[in-house]
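Shown next, in structure tokens, is the structure this report addresses.
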Amino acid sequence: MSITSVQHLIAMIVYMAAVVVIGVYFSKRANKNAEAYFLGGRSLGPWVAAFSAEASDMSGWLLMGLPGLAYWTGLADAGWTAIGLFIGTYFNWLIVSKRLHSYSVKVDAITIPGFFSKRFREKHNIILIIASLFIVIFFTVYAGQCLAACGKLFVNLFGLDYHLMMLVAAVFVLLYTFLGGFLAESASDFMQAIVMVTALVLILGLSIFNAGGIGAVIENAKSYDGFLSLFSMASPSEEVANTFGAGRKMSFLSICSALAWGLGYFGMPQVLLRFMGIRDGKELKRSRRVACIWLFIAMGAAVFIGIVGRSVDGISYLSNSEAENIFIDTATTFLPPILAGLCCAGILAASISSSDSYLLISTSALAENIYHGIFNKKASDKNVMLVSRIAMAAITIIAMIIAWDSNSTIFGITSFAWAGFGATFGPLMLFSLFWKRTTFAGAVAGMVSGGVMVFFWKLVLSKLGGIFAIYELLPAFIISSVVILVVSLLTKAPSEEIVADFDEATKKS
């Protein structure tokens, strides 16, 4: 290993040591009981809630997937996706956060499946089981994306084996999440959100400088047909670097597909849990502002790192998968080794901040909702946490299997899991919070139809092309919403107790 690589490694080790210290610090409080472990005792401050929500949500996709997409096809696809995500973030914090916080306190829920179950006062835990299983399925896919990002990082920096490095990352994340639970996760996410946005802005600035300035970047980008347009996509060659064919028009359906990413936020458990875990609902307004500013800066920098990358000498790729290394390559090219190592630690930051969230939420669904809520209602907190850790190990192994193919794109893995959560939980969350006439049957039917349609559209209908090539989140979200509405109107109205819960929980929000 070269001296430069050793310096990269030292910087990353120092960073990871800081993450472990946070876990150790919070471990005593986290292991106090199940609520402390899974929701931090509802003690998050506004800044921690905002930063941890965005860091856990963005993952390695922000530092690798989004810049890679922008580098490969230009501004349009990445740009509309970023716009959709920003709009979704703003409205999720604006209309969902306060109401979900007050409602979850009212029904005493500490998980998303638990909230839905208690919202409808179900007796046979059907919603609890279905929601928990969907969480495990889609978060396992999500965790695989994070492990893939870690594997690609170490392959690029040190030339190490992808699969070995993915295993090392999985073990680290597993041990860390065992240790500190929700509080440690949220506190480290706060730090990692700062690292991520700082690294993105720094790398963007250095890339522009080394490309000869904004003017040179724009002139070069204009030479690639469709590269700088929001309504056309570039067609790069996979044989000759920086060679393009004629641009492809971005259709209205393609724009809708990209904007539809914003719908995913309404069903994203790692974000919704921050709404539930904040210490005071009145602080959510501040959190919204902080989150939106952070996201605007971070996504803007990520997209333009990819755009500027086409103008930087020595940076060239022949596939979208390769292009996802652009953040790493620009960091190691333009920065002193120690600083480059810290910036690349931003990828670890993003991946770890997300994967620990995904593992924690998945295992809370199995341990708290299914094991404790159904099979062993008298289980002690110690037993619940033991089961959660066993489940966590099993989910991590499956996530590794999903990410085993080193040629798969981080963006592609993320998009499927994002659609799954958005369509399964997004419509139900909105109807549960804003329409008291929503019934138990409508909730079950909507959740199942949304989740199943994501699979069916992606694996079957999308192969037909044309209108069916649209991002599966949009049709699945619409279908789930229609099913909830129709089934609720066709079934018996909710009981007086459920309506009373709704009125009390929502009167102040």
Side-chain angles (χ1 to χ4, degrees), residues 49-59 61-62 65-66 69-70 76-101 112 138-139 142 145 189 193 196-197 230 253-276 284-285 287-303 350 354 357-358 361 411 414-434 446 450-451 454 470-481 484:
F51 276 20
S52 65
E54 300 312 313
S56 64
D57 163 51
M58 285 291 112
S59 72
W61 172 86
L62 177 67
L66 193 59
L69 180 65
D77 205 358
W80 284 114
T81 299
I83 292 169
L85 287 170
F86 182 83
I87 294 172
T89 296
Y90 177 79
F91 282 103
N92 201 29
W93 282 95
L94 179 67
I95 66 175
V96 172
S97 62
K98 189 174 182 180
R99 184 160 291 198
L100 177 58
H101 175 79
I112 298 302
F138 290 121
F139 265 143
Y142 239 139
Q145 168 259 124
D189 286 353
M196 289 162 64
V197 75
L230 274 173
L253 285 177
S254 297
I255 293 174
C256 289
S257 287
L259 288 174
W261 277 75
L263 294 174
Y265 272 110
F266 299 117
M268 214 50 56
Q270 69 269 33
V271 176
L272 298 173
L273 277 178
R274 267 58 182 195
F275 301 162
M276 295 167 62
L284 285 164
K285 184 176 182 180
S287 294
R288 181 181 77 240
R289 293 171 177 170
V290 171
C292 289
I293 292 172
W294 184 94
L295 191 64
F296 180 84
I297 296 172
M299 286 200 304
V303 170
S354 297
S357 292
Y358 306 155
I361 297 170
F411 190 90
T414 302
S415 68
F416 180 73
W418 186 270
F421 281 124
T424 303
F425 298 130
L428 179 55
M429 180 59 70
L430 293 174
F431 276 93
S432 295
L433 296 177
F434 295 98
V454 167
I470 195 169
Y471 181 30
E472 57 269 18
L473 171 55
L474 183 57
F477 192 98
I478 293 172
I479 288 169
S480 176
S481 299
I484 293 172

Distance from [X] atom [atom1] to [Y] atom [atom2], nearest 0.5 Å?
X	Y	atom1	atom2	answer
Leu66	Met299	CG	CE	7.5 Å
Leu473	Cys256	CG	SG	12.0 Å
Arg288	Phe275	CZ	CZ	10.5 Å

So, using ring-ring contact (aromatic ring centres under 6.0 Å, His included) as the criterion, who are the partners of Phe266 when residues are at least two apart?
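Counting only residues at least two positions away or on another chain, Phe266 forms no ring-ring contact (aromatic ring centres under 6.0 Å, His included).
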Apply ring-ring contact (aromatic ring centres under 6.0 Å, His included) to Tyr471 and list each qualifying residue two or more places apart in sequence or on a separate chain.
Trp261
Determine whether Ile112 and Met276 make a side-chain contact, defined as any pair of heavy atoms from C-beta on separated by less than 4.5 Å.
yes
Among residues at least two apart in sequence or on other chains, which ones pass side-chain contact (heavy atoms from CB on, under 4.5 Å) with Ile293?
Ile297
Qualifying residues under side-chain contact (heavy atoms from CB on, under 4.5 Å), relative to Ala291, sequence neighbours excluded
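So Ala291 forms a side-chain contact (heavy atoms from CB on, under 4.5 Å) with Ala50, Glu54, Trp93.
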Work out which heavy atom in [X] is nearest to a heavy atom in [Y]; give both atom names and the distance.
X	Y	value
Ile470	Ser257	CG1-OG, 2.8 Å
Gly267	Leu272	C-CD1, 4.0 Å
Ser480	Gly446	OG-O, 2.8 Å

Evaluate the side chain to side chain contact (heavy atoms under 4.5 Å, CB included) criterion for residues Leu474 and Leu263: first the C-alpha distance (whole Å), next the side-chain angles of each, then the deciding distance (0.1 Å), finally the verdict.
CA-CA 8 Å; Leu474 183 57; Leu263 294 174; 3.8 Å; yes
Would you be so kind as to tabulate the donor-acceptor pairs closer than 3.5 Å made by side chains of residues 82-90, with sequence neighbours excluded?
residue : atom : partner : partner atom : Å
Thr89   : OG1  : Leu85   : O            : 2.8
Thr89   : OG1  : Tyr265  : OH           : 3.2

Side-chain donor or acceptor of Arg99 paired with backbone N/O of Ile95 under 3.5 Å
no
Side-chain atoms of residues 419-434: list all donor-acceptor pairs with protein atoms under 3.5 Å, sequence neighbours left out, distances to 0.1 Å.
residue : atom : partner : partner atom : Å
Thr424  : OG1  : Gly420  : O            : 2.6
Ser432  : OG   : Leu428  : O            : 2.7

